[in-house]
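In what follows, a single structure is set out as C-alpha cells and then discussed.
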Amino acid sequence: MILNCAGKQLDLTHPQVMGILNVTPDSFSDGGQFLAQDAALAQARQMVKDGAAIIDVGGESTRPGAAVVSIEEEISRVVPVIEAIQSEIDIPISIDTSKPDVMRSAIKAGASLINDVQALRVEGALQAAVELEAPICLMHAQGTPQTMQNDPHYDDVVAEVTDFLLERVASCEQAGIDRDKLILDPGFGFGKRAIHNLRLMKHLDKLVKEGLPILVGVSRKSIIGDMLRISVDERLSGSLSLASIAVWQGAKLIRTHDVRATVQAVNLCNHVMQVEDFD
Ligand code: PT1
C-alpha cells in the first residue's frame, strides 16, 4: 500500500504517523498573521525531523462544540501555511476539511491528500474530490462537531461504522474514484460515547479486514479523559497506549499532536509485529 500524493509517496506498507498542524487563531499565540505562519512552519519542520510521514493542516476545529468557520476564513488560514510548508518540505500535506472550496484551494496550494471528517457528504465535496484526483481519508461521524456529543446512539457501533464507511467507499467508486486512493477512519470521538470509542478500538481489526488502510486519531481525546479522569495536557501516555493498540490490530496511520513519541510507539509496535518466530 503506497499512496501517490501528487508525486510524493505515502508508504503505508508499515504503520506511519500523521502530524497535526492546527491553524486556528487559538493554536498559535495571537501575534499576527505572519508570526502564526512562522510558528506553523517551524512546527512542520520539527514534525518532519521527528519522523512524521505526512502533515495534516486544518483551519477549522472539529472538537466537540467547536465553532463553524466561514469558507473564506478557513482558506485564508490554511493556504499560506500549506504554500510555505510545501515549498521546503518534501513529505505530503493533507488538508483537514469538509468544504469543497477549501479542498480546491488547499490542493492548488500544494496539499495532496483530502482528510474529510464528513467523508465527502457535504454538498459538492464528492465532485470536488473526483476533480482533484487526490487520495482521500473517509471518516465516520454521527452528526456534526456542534451537536455530535448530544446523546449519540448505536445498536452495534462496530457494524454501523463499518457499514457507513463501506457505503461511502461505494459512493466514491460510483463517482469514479479508485478504491486504492481511499483510507478509512472510524472517527474516534465524533458522535460517540466512551463505550462506543472503546468498542471501536477493541474491534478495530474488523475494519482492518475490509482491506483498505486505516487511520486512527485518538491523540489527547476525551476517550482518554473519560477513562482516566485527566486533563488534555496529561494525555500523552494514554494517547500512545491507544495508538499501540490500534497499530497492533493493523492501523496504518496514526494522527497525533506528539509526533516524536508516537513514532517511537508505532515503530516499536511494528518491530513486535514483524519479528520472526524462530532464529
Ligand atoms: C480524526 C480527527 C481528524 N480528529 C481524522 N481527522 C480531529 N481523519 C480532527 C475529543 O473527544 O480522528 N480523524 N480531524 C479532532 N477532532 C476531535 C474529536 C478532537 C473529538 C477531540 C475529540 O476530545
[X] side chain to [Y] main-chain N or O, any donor-acceptor pair under 3.5 Å?
X    : Y    : value
E234 : S231 : yes
E160 : D156 : yes
Q149 : K192 : yes

Next on the checklist: Would you compute the distance between atom CD1 of I183 and atom CG of L215 and round it to the nearest 0.5 angstrom?
Outcome noted: 6.0 Å
Item to check | From R260 atom CZ to D50 atom CG, the distance as rounded to the nearest 0.5 Å | outcome: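 So the gap between those two atoms works out to 6.0 Å.
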Is the closest side-chain heavy-atom distance between [X] and [Y] below 4.5 Å?
X    : Y    : result
P186 : L204 : yes
T144 : V68  : no
V218 : N197 : no
L113 : P92  : no

For [X] and [Y], work out which heavy atoms get closest and say how close.
X    : Y    : value
I114 : L132 : CD1-CD1, 4.1 Å
L166 : E210 : CD1-OE1, 3.6 Å
R199 : V158 : O-CG2, 3.8 Å
G191 : P152 : O-CB, 3.1 Å
D101 : I75  : O-CD1, 3.8 Å
T24  : E60  : CG2-N, 4.2 Å

[Y] reachable from [X] in the ILVMFWY side-chain graph, under 4.5 Å edges:
X    : Y    : value
V117 : V57  : no
L200 : V216 : yes
L253 : F190 : no

Checklist entry - Only one of I254, L10, I54 forms a side chain to side chain contact (heavy atoms under 4.5 Å, CB included) with M18, so which one is it? => result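 Testing M18 for a side chain to side chain contact (heavy atoms under 4.5 Å, CB included) against I254, L10, I54 leaves exactly one candidate, I54.
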Next on the checklist: Check the orientation of H140 and Y154. Use parallel for under 30°, tilted for 30 to 60°, and perpendicular for over 60°.
Outcome noted: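 If you compare the ring of H140 with that of Y154, the planes turn out tilted.
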Checklist outcome for this item: residues 78-97 vs side chain to side chain donor-acceptor pair (under 3.5 Å), sequence neighbours excluded, gives R45-E88, D56-S94, E74-T97, D96-R255
Hey, can you pull the donor-acceptor pairs under 3.5 Å for the side chains in residues 236-244, sequence neighbours left out?
unit_1, atom_1, unit_2, atom_2, d
S239, OG, R220, N, 2.9
S239, OG, R235, O, 2.7
S244, OG, L240, O, 2.9

Next on the checklist: Would you say CD1 of I195 has more than 12 non-hydrogen atoms from neighbouring residues, nucleotides or ligands within 6.0 angstrom?
Outcome noted: no
Give every donor-acceptor pair under 3.5 Å between a side-chain atom in residues 268-279 and any protein atom, sequence neighbours left out.
none

Checklist entry - For I2, which fellow cluster members are found when Ile, Leu, Val, Met, Phe, Trp and Tyr are connected by side-chain heavy-atom distances below 4.5 angstrom, either directly or through intermediates? => result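 None; I2 is a cluster of one.
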Next on the checklist: Taking salt bridge (charged side-chain N to carboxylate O under 4.0 Å, His left out) as the cut-off, I'd like each qualifying pair that reaches into residues 164-183, sequence neighbours left out, listed once.
Outcome noted: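 Passing the test, one end in residues 164-183: E173-R179.
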Checklist entry - Going by the salt bridge (charged side-chain N to carboxylate O under 4.0 Å, His left out) test, which pairs reach into residues 109-137, not counting sequence neighbours? => result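 Checked against salt bridge (charged side-chain N to carboxylate O under 4.0 Å, His left out) - neighbours excluded - the pairs reaching residues 109-137 are R104-E131.
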